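Reading through the C-alpha cells given below for one structure.
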Amino acid sequence: MNWLPPSRMPSPPRISSQRIEPPQLPFSKAERALIERLDTPSKVQRWLNALPYNTEANGETLRSFRPVARLKTAHCCEAALFAAVVLEQHGYPPLVMSLESQDWLDHVLFIYRHDTGWGSVARSRDPGLHGRKPRFRSPRALARSYYDGYVDYTGRVKGFGVANLITALPDYDWRLTTKNAWKVEQMLIDWPHRKFKTSDRRYRALLKKYKAYRAAHDDRKPIYYRGREKWEPLPQEFR
C-alpha cells in the first residue's frame, strides 16, 4: 500500500478497454526481450511475484518500468507502472486502478479486460491485494474483490478510481523515466473515485477476525479469504 489521500472529485470519466496500437519506444535489447517474454498479464504477475518487495520506509521512490526492470524490486504503484508499460506493448491500454482506504494507505494496480471479464496485476505487502484472474464483470466488481483482504488494523476500502495513463498524463514520461514519477501519484490523488457502501457490522467482524488471526499465528498475515479461486498465484512468501 502507498500513501495517497482520498479524492473528493465527482464524475469519474468513462474508461475504454479496447485493444490499442503499441507506441514505439526506445527500449534496450534486454528490455525488449523481457517485454516479449512477458506477453500476458499472468506472466507479468509471476515475474513481479518473484521480486523482493520495495519496502521503502518513507515513500522515497516511485519508479517507472526502466528502473524496476534494472533493479528488480517494486512496490504496488511501481508494479502497476511496470505492468502498464509491458502490457501496453501487447495491445492492452495502460489502465491503473486506485483503491481508496480510510487510513489513506491506498493501493494501486494495473487492470485489464479479457473476454472472460476484468482482471488485475498487482504487488503488495499484504497477500490479499495481489493480482486477480479476469473473472469480474466490471471494474467495480474487481475493486470489491479486494475489500476483505484490505481490512487490517487500520485499512478499509472506501472507493476506487480507474485512469488511462495515456489520457490522464499525455505529456508526461511515466513509461521510461529514470527519475521518480511523482506526477503519477499526484494524478491518482486528484483522480475521481467512486464510493463503496459497505456494512459497518461486516467490517467490524472482518477486523476482529484479522486481529485474532495475527495474534494466534505469530503475526503472520492471513490468506483465508473467500474468492481465492479468482486470485492469481501469490508470491512464495505468502504460500
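Note that the structure is a prediction, hence the values are computed from the model and not measured.
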Practice task
State whether Arg175 and Glu88 are salt-bridged, where the test is any N-O pair (Lys NZ or Arg NE/NH1/NH2 against Asp/Glu carboxylate O) under 4.0 Å.
Solution key: yes
Practice task
Verify the distance criterion only: is there a donor paired with an acceptor across the side chains of Glu78 and Asn54 at less than 3.5 Å?
Solution key: yes
Practice task
Verify the distance criterion only: is there a donor paired with an acceptor across the side chains of His107 and Ser98 at less than 3.5 Å?
Solution key: no
Fill in the blank from the handout: Taking every heavy atom of Tyr92 against every heavy atom of Pro41, the minimum-distance pair comes out as OH-CD, 3.4 Å
Exercise for the section: Without swapping roles, check the side chain of Trp191 against the backbone of Val162 for a donor-acceptor pair under 3.5 Å. Expected result: yes
Problem - Test: Asp152 and Lys221 ion pair at under 4.0 Å - result: no
Exercise for the section: Apply salt bridge (Lys or Arg N to Asp or Glu O under 4.0 Å) to Glu237 and Arg123, showing your working. Expected result: CA-CA 12 Å; Glu237 64 264 31; Arg123 196 69 171 87; 3.2 Å; yes
Exercise for the section: Output yes when Arg156 and Asp200 qualify as a salt bridge under the 4.0 Å nitrogen-oxygen rule, no when they do not. Expected result: yes
Handout entry: Donor on one side chain, acceptor on other, Ser120 and Tyr146, under 3.5 Å
Key = yes
Problem - Donor-acceptor pair, side chain of His75 and main chain of Thr61, under 3.5 angstrom - result: yes
Exercise for the section: Go through the steps for Tyr147 and Tyr203 under the test ring pair (Phe, Tyr, Trp, His ring centres under 6.0 Å), then give the verdict. Expected result: CA-CA 9 Å; Tyr147 184 83; Tyr203 167 70; 7.3 Å; no
Practice task
Verify the distance criterion only: is there a donor paired with an acceptor across the side chains of Tyr112 and His90 at less than 3.5 Å?
Solution key: no
Handout entry: NZ/NE/NH1/NH2 to OD/OE distance under 4.0 Å, Lys195 and Glu100
Key = yes
Completion exercise
Looking only at heavy atoms, the pair that brings Ala80 and Val108 closest together is CB-CG1, 3.9 Å
Problem - Sole residue of Leu71, Leu25, Thr178 in side-chain contact (heavy atoms from CB on, under 4.5 Å) with Arg66 - result: Thr178
Exercise for the section: With Lys230 as the cation and Phe136 as the aromatic partner, state whether NZ or CZ is under 6.0 Å from the six-membered ring centre and within 45° of the axis. Expected result: yes
